[in-house]
There are 4 protein chains.
Amino acid sequence: MPPAKKSPAPAAPARPNSARRSEASRRAILTAAFELAGELGYAKLSIEAIAARAGVGKQTIYRWWPTKGAVLFDAFLMLSEGPDGDAELPDTGDIEADLKTVLRATVEELADPRIAEPMRALSTEIAHDPQLAALYAERLDEPVRELKRARLRKAQQAGQLAADLDLDVAVDAIWGPLLNRWLLRTGPVTTAYTDAVVETALRGLRAS
Amino acid sequence: MPPAKKSPAPAAPARPNSARRSEASRRAILTAAFELAGELGYAKLSIEAIAARAGVGKQTIYRWWPTKGAVLFDAFLMLSEGPDGDAELPDTGDIEADLKTVLRATVEELADPRIAEPMRALSTEIAHDPQLAALYAERLDEPVRELKRARLRKAQQAGQLAADLDLDVAVDAIWGPLLNRWLLRTGPVTTAYTDAVVETALRGLRAS
Amino acid sequence: MPPAKKSPAPAAPARPNSARRSEASRRAILTAAFELAGELGYAKLSIEAIAARAGVGKQTIYRWWPTKGAVLFDAFLMLSEGPDGDAELPDTGDIEADLKTVLRATVEELADPRIAEPMRALSTEIAHDPQLAALYAERLDEPVRELKRARLRKAQQAGQLAADLDLDVAVDAIWGPLLNRWLLRTGPVTTAYTDAVVETALRGLRAS
Amino acid sequence: MPPAKKSPAPAAPARPNSARRSEASRRAILTAAFELAGELGYAKLSIEAIAARAGVGKQTIYRWWPTKGAVLFDAFLMLSEGPDGDAELPDTGDIEADLKTVLRATVEELADPRIAEPMRALSTEIAHDPQLAALYAERLDEPVRELKRARLRKAQQAGQLAADLDLDVAVDAIWGPLLNRWLLRTGPVTTAYTDAVVETALRGLRAS
DNA sequence: AACTAATCGAGACGGTACGTCAGGTCTTCTG
DNA sequence: CAGAAGACCTGACGTACCGTCTCGATTAGTT
């Protein structure tokens, strides 16, 4: 297996990224944006507040990001690039248990407003900005989705999942119900619920 | 004493609803709100614009609705109360075919910006306003969800679905993936996709 | 010719002046503008500062005045309409003494920054805005100029001034040197200077 | 004794003026400043615009001039040092005719926005900046004023003007009314007006 | 001829103010 | 007397410049 550990640079380019750009300001802005989204909620998240919290001129934000959503997006990107490396979903050999574990962790995250509120804010922006949505799909959703697919693929190869399963559909079958319930608040987001979702998705609705 | 003919159905009061209230203004406001959400998108949907389009003073909106989201909510409520009665989901006896039919219809609706944009707008407001979310869950989601449950229940009683199935989880398993994909734009919303979702949900992920 | 004593109302119209307009805000704005011009000087006179000092929204200023200069102009107008009535220049019968008296009073005013600074500010705006200049000429300069002409006319009728004198030119001959020296600071503005100006203007440069 | 041929005239140093300084940039800046003042008017005259027009970095301006007014001042200084040498006011022996000639030329200059607008801009800066005013008085006004005094002195010596005349007051009596009327736009600036001013100033206001 | 230090064009930075838009409250006038 | 009209204060928007501060790249004048 080739070494190729880590990828030399392309980690965070995305934007023109002039050599003159202040990395300190960039991090301060992204951190402030994430924090404020968590503290004030989406409604009161303003560029002015981000600039003030970050100790930065407004123009410095407008110079590098086209919209408030793009800032938030980069904030998530920055966080997601911290402790990743090549993380993997747990694999104990029991796909049902593993999926339950992962979803339970997600439920816990969503219970923390400091994480959930920024996620709601970003989700909202995505819902209304197709361009941002494309970026999101490519840079945030896809990497995570690949991890999910990978775990399912292993179960599939172990003969635990149907051989002809469309893994993208399978991922949606597991995570879609949870995310939809969480975002639209159509019901409580509990581990009992996610356990039921996993069981139901694996077994299918039909009478056996 | 007059028979009080007007409102036998407390379906839509919710708010004080003074006798003096102008029904014409109310309808104009709700119609304007829905149209503007469809035309301008969520970003440019302002109370001022709604008031202007409806030919109404701003105060008339603030008098009767607490937030922009509440207006939008009532606009959906008004629409949903038009041709409802006690509609039902189709029942040909083939639960898989029926679910595919229903989801295909949804896909079509979501392709129409005049419907999809207001829905995105409302979804956004719900995502950020728990109170509105509760209203939504009770007054808009629940009635529709009951129709869905009813259809699934019939299939269950016909022995097509598992006897111990949690129907709420089942509803989420069918509609959750679609709504999540649509709202977050993590992939194209097509009938091919919804067909696959229905098949997968019914059959389950496991190898048979 | 009927008495027509002065025009019944036009005290402060000038602008559309809706009936809804808040007189309190108007006065607060004009007062704040005048004071700030005196305290901070022209450079730091900003609409934002005026609004803040007046306890008023910026929009309330922009709603009623097109430019900063127009605010300043109205501030002067307000002041000039306070204690005027039909003031007159002093008339002791000695035109030279009277003119010296008047100019000495002007010198004193110009020595007070609270008066001189706003005047410099207004002068600047006038110098760069022909429209404002026209307003100034008509509503602020002309009334005062008429007082000056009136005094000179009396002296003329008393045979103290040349019968064929162009009174407008005469006014400029008296007040022009002073104002020019003051505004462009080409020399100290003292009563000795104004006395000399009056003497020279009356006597003429020529050898007798 | 060394030749020291370089600077016999300390006419224009004023500033440190390092040997390293780029003369090309200096001229480009002053020219751009003057042109922009004429084209855009005072309001839109910004250091950024000057730098852009001159093809120069902003710092190059800030390095050598303390304020925008100082740049404008030097621009005038540069122009005034071109075709001067030891110019003189015309002397035909007829002081009245000569003064009228000079003022008519001034009227013409003031009619050209490319000259008048920068002058208004500079005048404005002077009005609000005592330091700049002192420079102006010394380096731009005084040399011209000396020419004026010189012409009047000759007339005085020829017995045409009063022997005890204060020449500075006399200069103000001739030029003050014109400049004041021009800057504050209290009336049209015409040759008819300047002729009248000259006649009135020479003859005096008094009845003969 | 190589060094070196000031100056140059460029432009990012933290800020202030601009003039506009909308939010939500309050007041006035009209049907 | 409810409702349209809209003025009001507030606060955020996105832009223009401010004056300061790096960045390499010239470009003198030493060495």
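Quick caveat: nothing in here was measured; it's all calculated off a predicted structure.
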Taking the side chain of A:T60 as heavy atoms from C-beta outward, which of E:dC13, E:dC29, F:dC8 is closest to it?
E:dC13
Whole-Å gap separating P (E:dT27) and CD (C:E23)
17 Å
Length of the CG-C1' vector between D:L40 and F:dC17, whole Å:
14 Å
Side chain of C:Q59 (C-beta onward), nearest among F:dC8, F:dG3, E:dC21
E:dC21
Let me spell it out: for each of D:A51 and A:A54, pick the nucleotide of DNA chain E with the closest heavy atom. Which residue's pick is nearer the 5' end?
D:A51
Where the side chain of A:R21 is defined as all heavy atoms beyond and including C-beta, which of E:dG24, E:dC13, F:dC13 is the nearest nucleotide?
E:dC13
Please give, in whole Å, the distance from F:dA16 P to D:I50 CD1?
18 Å
Name the closest nucleotide to the C:I47 side chain, picking from F:dG19, E:dG9, E:dG19.
E:dG19
Of C:R114, C:R53, C:K44, which is the lone residue that meets salt bridge (Lys or Arg N to Asp or Glu O under 4.0 Å) with C:E39?
C:R53
What nucleotide among E:dG19, E:dT25, E:dC13 has an atom nearest to a side-chain atom of B:Y62?
E:dT25
Closest-nucleotide 5' rank along DNA chain F - winner of C:V56 and B:G55:
B:G55
Within this structure, what is the CZ-to-P distance between C:R20 and F:dA5, rounded to whole angstrom?
11 Å
How many angstroms lie between atom OG1 of B:T60 and atom CH2 of B:W65, to the nearest 0.5 angstrom?
9.0 Å
Side-chain atoms of A:W64 come closest, of E:dG24, E:dG11, E:dC13, to E:dC13
Starting from the C-alpha separation in whole Å, work towards a yes-or-no answer on side-chain contact (heavy atoms from CB on, under 4.5 Å) for C:Y42 and C:E125.
CA-CA 10 Å; C:Y42 173 71; C:E125 298 282 1; 3.2 Å; yes
Looking only at heavy atoms, which two atoms of D:A33 and D:I50 are closest? And how far apart?
CB-CD1, 3.8 Å
Please report the distance, rounded to the nearest Å, between CD1 in D:I29 and P in E:dT7.
13 Å
OP1 or OP2 of E:dC8 versus the side-chain N and O atoms of D:R63: is any pair under 4.0 Å?
yes
Is any side-chain nitrogen or oxygen of D:S25 closer than 4.0 Å to OP1 or OP2 of E:dT7?
no
Within 6.0 Å of CZ in A:R27, more than 12 heavy atoms from elsewhere
no
Select one nucleotide: of E:dT20, E:dC8, F:dT15, the one nearest the side-chain heavy atoms of C:K58.
E:dT20
What's the CZ-C1' distance between B:R26 and F:dG3, to the nearest Å?
17 Å
5'-most by nearest nucleotide on DNA chain F - D:L45 or B:E48:
B:E48
In this structure, how many angstroms lie between the C1' atom of E:dC18 and the CH2 atom of C:W65, rounded?
18 Å
